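The model shown is predicted, which means the values in this text are computed figures rather than measured ones. Note on naming: letters A, B, ... go to the chains in the order of the sequence lines (proteins, then strands), and numbering restarts at 1 for each one.
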Number of protein chains: 2
Amino acid sequence: MARTDSTRPSEARTRLLNTALRVFYAEGIHSVGIDRIVAEAQVTRATLYRHFLSKEELVVAYLNEVDAAMRAQASAAAERGNSPADTLRGLGEAIAAGIRSPEFRGCAFLNAAAEYPDPGHPVHQTVLAHRQWFHDTVQSLFTELGTSSAEPAARHFVMLRDGAMAAGCLSDAALVCETFLRGVDGLLRVHG
Amino acid sequence: MARTDSTRPSEARTRLLNTALRVFYAEGIHSVGIDRIVAEAQVTRATLYRHFLSKEELVVAYLNEVDAAMRAQASAAAERGNSPADTLRGLGEAIAAGIRSPEFRGCAFLNAAAEYPDPGHPVHQTVLAHRQWFHDTVQSLFTELGTSSAEPAARHFVMLRDGAMAAGCLSDAALVCETFLRGVDGLLRVHG
DNA sequence: CCAAAAAGAGACCGAACGTTCTACCTCTTC
DNA sequence: GAAGAGGTAGAACGTTCGGTCTCTTTTTGG
């Protein structure tokens, strides 16, 4: 009973976030009511609203969770790769691995943007912020690579990724990954 | 029964469909209730439910409307272009023109799929059917073009399109179009 | 040991959801 | 001029939505 270790993040909050991550990603945001989330997280409404001011805030927290995971993924690729080209290839492989996983249901951010088209909405802004980070990260890698046109290359890379993520759950994932990785290879061949 | 079948497009039905097209595309599907649609179409609920069995059916009809428009777009490109390469370039230009238009809010089908992730759902199936048609159309053009790898080329083309359509309303449309058209050009250079 | 915070349980709110209903009107077409 | 389809009008259905409330129990820290 004297468990004084990690009580800070609040167990109920963690359960809430994990449930939101799983359910929002799998079924969409507007399709899922807070009743579902509260029930599956085994938490009462009052607890949810003690940790988050609104459903909207929970959605933003969910996206931030995904964002953190992708930043970790990018960092891991950067540590593994011993050159910018290697890192970009590794990033591509990591993306492909995600697409191939059975739970894959597209890009959480593209899906969220489809549900929150209003550019001023906090959820939409969260999507834009994530995408800005991703583009900047990729562009830095192309710059390190020494190409004269890092920005167009980065935009091309991101476009391929967006297409792959969007189509990954609407057609054969293996074929999508093959096409994507081939495209990344071509990009690296041109700019390397 | 059904004697004046083809003579009456029904004005109310047209208004309903046009309103659905505009509002669903601009604001998302789950975000818009039928109250909004009947109000903006200046039609009563009873009229809506005389023409469509449910909201779901209206959504499918909306997507079929968009599908018809894209098929017309593809046909127009085919008639204008005097070679398969020309047609593909024209198709790319038409897509870019759509992205550049101020009302652009992404791909209606990708957006719908984000809101209806269940593969068995009629709306999702409608999305899949449209995508199958598009892929087949592009693949035919690459085959006519005489390339040895029409299918991978078509998948690459579709992936670029998906990426461009997804990103078109999340970052600078002009830059997205430039990247997309450059990608299409590269694809045609390789396979032509 | 005791106070405060966190969590649980669940009633409750007004609004919006998709859907159905009855009743009346206005056209064609036979 | 009767029939019937399509349209209008608007109330109403039961459900679910996001969100708030009170009250009690458990956990935790000084």
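- Per the geometry, CZ belonging to R13(B) stands 10 Å off P belonging to dG7(D), to the nearest Å.
- A tilted orientation is assigned to the rings of Y116(B) and H121(B), their planes being inclined by 30° to 60°.
- With hydrogens and angles ignored, the 3.5 Å screen pairs no side-chain donor or acceptor of N111(B) with any backbone N or O of P117(A).
- For Y49(A), the listed nucleotide lying nearest its side chain is dG19(D); candidates were dG19(D), dG7(D), dT19(C).
- For the pair R36(A) CZ and dG19(D) C1', the computed distance is 19 Å after rounding to whole Å.
- Atoms CG (L48(B)) and P (dT8(D)) sit 11 Å apart, rounded to a whole Å.
- Of the possible donor and acceptor atoms, none in the side chain of R161(B) sits under 3.5 Å from a partner among the backbone N and O of G163(A).
- Proximity note for A46(A) (side chain, C-beta onward) versus dT8(D), dG19(D), dT22(D): the nearest is dT22(D).
- For the residue pair T137(B) and S140(B), no side-chain donor N or O sits within less than 3.5 Å of a side-chain acceptor on the partner.
- One interatomic measurement links the two molecules: CZ of R15(A) to C1' of dA7(C), which rounds to 9 Å at whole-angstrom precision.
- Atom CD1 of I37(B) is separated from atom P of dT19(C) by 11 Å (rounded to the nearest Å).
- Side-chain proximity of R45(A) to dG19(D), dT8(D), dG8(C): nearest is dG19(D).
- Checking dG18(C), dA7(C), dT8(D) against the side-chain heavy atoms of H51(A) singles out dA7(C) as nearest.
- With rounding to whole Å, E11(A) atom CD is found 15 Å from dA6(C) atom P.
- Across the protein-nucleic acid pair, L58(A) atom CG and dC17(D) atom C1' stand 15 Å apart, rounded to whole Å.
- Each of I29(A) and R50(A) was matched to the nucleotide of DNA chain D holding its nearest heavy atom; the match closer to the 5' end belongs to I29(A).
- A straight line from CD1 of I34(B) to P of dT19(C) spans 7 Å, rounded to a whole angstrom.
- Among the protein residues, E56(A) comes within range of no part of the nucleic acid, since none of its heavy atoms lies under 4.0 Å from any strand.
- For E115(A) (side chain) and H30(A) (main-chain N/O), a donor-acceptor pair under 3.5 Å exists by modelled atom type.
- T47(B) has a side-chain polar atom (N or O) that falls below the 4.0 Å cut-off from OP1 or OP2 of dT8(D).
- Closest to the side chain of K55(B), out of dT19(C), dG8(C), dC17(D), is dT19(C).
- Of the listed nucleotides (dG10(C), dG19(D), dG10(D)), dG19(D) has the atom at the smallest distance from the side chain of S54(A).
- Residue V32(A) is classed as a sugar-phosphate contact, given heavy-atom separations below 4.0 Å to backbone atoms only.
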